[in-house]
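Submitted below is the structure of interest, expressed as structure tokens.
What you see below is based on every heavy atom in this structure, not just the backbone, and it leaves out hydrogens, waters and symmetry mates. Below, chains carry the letters A, B, ... as their sequence lines are ordered, and counting in each starts from 1.
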Amino acid sequence: MAKLTSRKENYSQWYNELVVQANLAETSAVRGCMVIKPYGYAIWEKMQHQLDSMFKATGHVNAYFPLFIPKSFFSKEASHVEGFAKECAVVTHYRLKNDPDGKGVVVDPDAKLEEELIVRPTSETIIWNTYKKWVHSYRDLPILCNQWANVVRWEMRTRLFLRTAEFLWQEGHTAHATAEEAREEAEKMINVYSDFAENFLAIPVIKGVKSANERFAGALDTYTIEALMQDGKALQSGTSHFLGQNFAKAFDVTFTKKDGTTDYVWATSWGVSTRLMGALIMTHSDDNGLVLPPKLAPIQVVIVPIYKTDEQLAAITEKAQAIKKALEAKGITVEYDDDDTQKPGWKFAEYELKGIPVRLAMGARDLENGTVEVARRDTLTKETLPLENIDAYVENLLNEIQKNLFEKAKAFRTEHTYKVDTYEEFKERVKNCDGFILAHWDGTTETEEKIKEETKATVRCIPFDAPDEEGTCIYSGKPSHKRALFAISY
RNA sequence: CGGGGUAUAGUACAGUCCGGUUAGUAUGCUUGGUUUGGGACCAAGAGGUCACAGGUUCGAAUCCUGUUACCCCGACCA
């Protein structure tokens, strides 16, 4: 296996090589679409299971809506179509036939659809068209649905996990009787996302509200969680939208209130995608390969035997199986790798590349002393410990690693977050891609676009926890009451 | 979608400028043996319509035209 390009040498090449070499995903025969390989998919499944249980715990249910959306649905909400029109895949025909020239198959021109179908880039339109049938009374509300699905956005430039033409995600779509309730829902879900990011992915995130310019197409407000990657760029990791009555009005979804009057329904939508895989990789991994937080690792512990004779192997296997059993009893996933085609050194490198949090090695020396070597992936340190209570030790160590990864990422973010008060300093920080920048901004789209044009930095969000602070906009000098979070973003 | 680069064995590359026997090298794979505490060694073997489609030529990986995909830099985005 070739050595990885170092992060320092070329961060983006490091990322690409890591994704492929760690067996997470690879490019496919289809432009912009990836194959998620079993190891990568196992991590995604862990994310799904955890998120799904968090959605259920907050009262949501799963449903499924069609992949195809009639073209006419898109013209019903003006800003929505504007946001997605440029990147839609369109189905125009429903049949192939043999090429009359005998060269394979061609699209049958007689099989043209009356109305083209759009492959969903997101499902608001088809879902609100459906909700119209479901909602008549305040008693039918709220509707709290989520769907796990694939969507297609015809992106010009793609990268594995970070931006692919087809990606997997979940999209929650809720309907409410009042604006307050819908707003609460949108806030609740951004909190679920940040809880998930911090406590499971071990990624510290900044919660906040998007500027008008960065808002979801069709939303009144977009809440976001923003994470900082090791190269100093921000990654938008999840969003939750307060949609107001825009989609209810577009699809004519009204309900009768208790007092007999009617009103349009209030809406939210929220989603996270396989992009979280990219966030996970870029937050924790190092030049040796992937680093996985234990809660997301498909294999949490690997045991490698080191032996010269069959007798030694038999003795080690017996001990290793006992450890495996004890760990599994604690709900820890363990692999015992007694494959004899590779040497231990090869395996060590391999499991580091794959990001296995804890590695146990046992050889003749350990048999004699009743010990085992414990190596942790996050710090790359090893120690030799007695076998006694090793299961409790490892269980503890996994928790410790989970915590350490979060603390490490948080310390990195703290080190790379700068309060900036002049445009000169701002430009300098942005030029070096130093990280998050907290600066005063006058709140206008005009200023935001000027800054973006001149520096490529964007307003990532106005953090929820930004303290009230009088200041002046770094660009326009106009008064500002809060600092906004700026960064170069993915 | 604009600018630049690349496409040859599973992978990474050489060969292309200047056309000419059987297209090489490393690694990986298979078999046998020696090894095994940080990416082992020896021996034998398998593996290629040189991205695709046309064209020039006695002859094309090599020259010409077109297409497609990937990588880097921009604009767009979860």
Side-chain angles (χ1 to χ4, degrees), chain A residues 1-5 10-13 15-17 20-21 26-34 82-88 103-104 121-122 149-171 193 210 213-217 222 224-227 234-241 269-279 288-289 304-310 312-313 316 338-353 359-369 371-373 375 380 382 384 452-453 456 458 489-490:
Chain A
M1 189 66 68
K3 225 179 141 76
L4 275 178
T5 300
N10 186 334
Y11 191 82
S12 119
Q13 195 177 334
Y15 175 83
N16 290 332
E17 288 177 6
V20 172
Q21 288 189 25
E26 62 189 32
T27 53
S28 73
V30 185
R31 178 197 185 96
C33 297
M34 65 179 160
E82 201 179 309
F84 288 105
K86 283 178 288 183
E87 51 187 26
C88 284
K103 292 179 187 164
T122 179
N150 57 337
V151 288
V152 169
R153 296 181 189 175
W154 215 258
E155 301 290 351
M156 291 308 154
R157 205 173 146 198
T158 59
R159 293 189 67 193
L160 295 175
F161 290 123
L162 296 176
R163 192 185 305 107
T164 46
E166 178 194 16
F167 57 92
L168 307 184
W169 76 347
Q170 58 69 216
E171 47 181 326
Y193 288 154
K210 284 286 185 189
N213 204 34
E214 299 271 331
R215 214 175 266 157
F216 176 75
T222 289
T224 180
I225 51 172
E226 297 285 327
L235 187 74
Q236 178 175 311
S237 305
T239 47
S240 178
H241 316 289
S269 69
W270 28 273
V272 295
S273 71
T274 37
R275 175 178 254 200
L276 285 178
M277 292 287 293
N288 289 345
V304 177
I306 302 161
Y307 57 95
K308 289 193 168 67
T309 64
D310 285 350
Q312 276 176 1
L313 176 61
I316 292 167
D338 61 351
D339 175 5
D340 68 349
T341 59
Q342 301 296 354
K343 289 180 53 167
W346 189 93
K347 292 179 183 175
F348 294 168
E350 183 65 12
Y351 290 117
E352 271 161 26
L353 177 62
R359 185 186 70 229
L360 304 180
M362 193 184 270
R365 217 158 63 200
D366 297 299
L367 280 181
E368 220 167 281
N369 303 333
T371 56
V372 63
E373 183 186 85
L380 293 170
K382 318 189 266 200
T384 300
K452 185 177 176 184
E453 219 170 276
K456 287 171 200 150
T458 50
S489 82
Y490 271 94

Requested in this report: Give the nucleotide from the list B:C1, B:U36, B:A78 with an atom nearest to the side chain of A:Lys343.
Outcome: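 Comparing B:C1, B:U36, B:A78 against the side chain of A:Lys343, the answer is B:U36.
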Query raised in the report: Over how many whole Å does the gap from A:Asp366 atom CG to B:G37 atom P extend?
Result: 13 Å
Query - Whole-Å C1' distance, B:U68 and B:G54 - result: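 After rounding to an integer number of Å, I get 15 Å for this pair.
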Query - A:Gln236 CD to B:C77 C1', straight-line distance once rounded to whole Å - result: 9 Å
Report task. Scan A:Gly271 against the nucleic acid and name what it touches under 4.0 Å (heavy atoms): base, sugar-phosphate only, or nothing. Result ->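 Result for A:Gly271 = nothing.
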Query raised in the report: For atom P, what is the distance between B:U6 and B:A46, given to the nearest Å?
Result: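 One P to the other, the span is 34 Å.
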Requested in this report: For A:Lys452, report the nucleic acid contact type (base, sugar-phosphate, nothing); a contact means any heavy atom under 4.0 Å.
Outcome: sugar-phosphate
Query raised in the report: Where each residue is assigned the nucleotide of RNA chain B containing its nearest heavy atom, which of A:Arg159 and A:Gly238 is assigned the position nearer the 5′ end?
Result: A:Arg159
Query raised in the report: On RNA chain B, nearest-nucleotide positions of A:Lys308 versus A:Thr341: which is more 5'?
Result: A:Lys308
Query - Gap in Å between the two C1' atoms, one belonging to B:G20 and one to B:G74, rounded - result: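 It comes out at 45 Å once rounded to the nearest Å.
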Query raised in the report: Nearest-Å distance, NZ (A:Lys210) to C1' (B:A78)?
Result: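 From A:Lys210 NZ to B:A78 C1': 10 Å.
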Query raised in the report: Short question: side chain of A:Glu17, backbone of A:Thr5 - any donor-acceptor pair under 3.5 Å?
Result: yes
Report task. From the options B:C72, B:G38, B:G37, select the nucleotide whose nearest atom is closest to the side chain of A:Arg365. Result -> B:G37
Query raised in the report: What closest approach, in Å, do A:Lys347 and A:Asp338 show between heavy atoms, and which atom pair accounts for it?
Result: NZ-C, 4.1 Å
Report task. Could you give the distance separating B:G15 and B:U31 at their C1' atoms, to the nearest angstrom? Result -> 32 Å
Query - d(CD, A:Gln342; C1', B:G37) in whole Å - result: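 After rounding, the gap between these two atoms is 17 Å.
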Report summary line: Picking from B:C1, B:G39, B:A78, the nucleotide nearest the side-chain atoms of A:Ala349 would be B:G39
Query raised in the report: Which is true for A:Gly278 with a 4.0 Å heavy-atom rule: it touches a base, it touches only sugar-phosphate, or it touches nothing?
Result: nothing
Query raised in the report: Under 4.0 Å: is that the gap between some side-chain N or O of A:Asn10 and OP1 or OP2 of B:C72?
Result: no
Query raised in the report: Do you know which of A:Lys210, A:Arg275, A:Glu214 makes side-chain hydrogen bond (donor to acceptor under 3.5 Å, both in side chains) with A:Gln236?
Result: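 Of A:Lys210, A:Arg275, A:Glu214, side-chain hydrogen bond (donor to acceptor under 3.5 Å, both in side chains) with A:Gln236 is met by A:Lys210 alone.
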Requested in this report: Taking atom C1' in both B:U56 and B:U65, compute the distance separating them and give it to the nearest angstrom.
Outcome: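 About 11 Å, rounded to a whole number of Å.
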Query raised in the report: What closest approach, in Å, do A:Ala361 and A:Phe348 show between heavy atoms, and which atom pair accounts for it?
Result: CB-CZ, 4.1 Å
Report task. Among B:A78, B:G39, B:G38, find the nucleotide with the atom closest to the side chain of A:Glu155. Result -> B:A78
Query - Donor-acceptor pair, side chain of A:Tyr193 and main chain of A:Thr224, under 3.5 angstrom - result: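 It does not hold such a pair.
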Query raised in the report: For A:Tyr490 and A:Arg159, which heavy atoms make the closest approach, and how far apart are they?
Result: CE2-NH1, 3.6 Å
Query raised in the report: Any side-chain N or O of A:Lys456 under 4.0 Å from OP1/OP2 of B:C73?
Result: no
Requested in this report: Report which part of the nucleic acid A:Glu373 touches: base, sugar-phosphate, or nothing (heavy-atom distance under 4.0 Å, all strands).
Outcome: base
**Report entry** Protein-nucleotide distance (A:Leu353, atom CG; B:G39, atom C1'), rounded to Å
**Finding:** 11 Å
Report summary line: Among the nucleotides B:A75, B:A78, B:A69, whichever has the atom closest to the side chain of A:Thr164 is B:A78
Report task. Taking only the side-chain heavy atoms of A:Ser273 (C-beta and beyond), determine which of B:C77, B:A78, B:A69 contains the nearest atom. Result -> B:A78
Query - Nearest-angstrom distance from the residue atom CG of A:Leu4 to P of B:A12 - result: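 So the two atoms are 14 Å apart, to the nearest Å.
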Query raised in the report: Taking the P atom of each, how far is B:C52 from B:U62, in whole Å?
Result: 11 Å
Query raised in the report: If you count the non-hydrogen atoms of other residues, nucleotides and ligands that lie under 6.0 Å from CH2 in A:Trp154, is the total more than 12?
Result: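 No, CH2 of A:Trp154 has 12 or fewer neighbouring heavy atoms, counting only those of other groups under 6.0 Å.
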Report task. Choose from B:A75, B:G39, B:C70 the nucleotide whose nearest atom is closest to any side-chain atom of A:Arg157. Result -> B:A75
Requested in this report: Calculate, to the nearest 0.5 Å, the distance between atoms CG and OG belonging to A:Asn150 and A:Ser273 respectively.
Outcome: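 Rounded to the nearest 0.5 Å, the CG-OG separation comes to 12.5 Å.
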Query raised in the report: Under 4.0 Å between a side-chain N or O of A:Arg163 and OP1 or OP2 of B:C77?
Result: no
Report task. For B:C63 and B:C72, measure between their P atoms and round to the nearest Å. Result -> 26 Å
**Report entry** Shortest side-chain distance from A:Ala361, nucleotide among B:A78, B:C71, B:G37
**Finding:** B:G37
Requested in this report: Please report, rounded to the nearest Å, how far the C1' atom of B:C77 is from the CD atom of A:Glu82.
Outcome: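 Taking CD of A:Glu82 and C1' of B:C77, I get 15 Å after rounding.
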**Report entry** Below 4.0 Å: OP1/OP2 of B:C72 and any side-chain N or O of A:Ser12
**Finding:**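 It does, given that an N or O in the side chain of A:Ser12 lies less than 4.0 Å from OP1 or OP2 of B:C72.
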Report task. Please tell me which of the listed nucleotides, B:G37, B:C1, B:A78, lies nearest to the side chain of A:Ile306? Result -> B:G37
Report summary line: With the side chain defined as heavy atoms from C-beta on, A:Asn16 is closest, among B:G38, B:A78, B:C71, to B:C71
**Report entry** Rounded distance in Å between the P positions of B:G5 and B:A43
**Finding:**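 These two P atoms come out 43 Å apart once rounded.
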Query raised in the report: So, do A:Phe348 and B:G39 meet the stacking rule of ring centres under 5.5 Å and planes under 30°?
Result: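 No; centroid distance or tilt outside limits.
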Query raised in the report: Can you check the A:Asp340 CG to B:U36 P distance for me, whole Å?
Result: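 So the CG-P distance, A:Asp340 to B:U36, works out to 14 Å.
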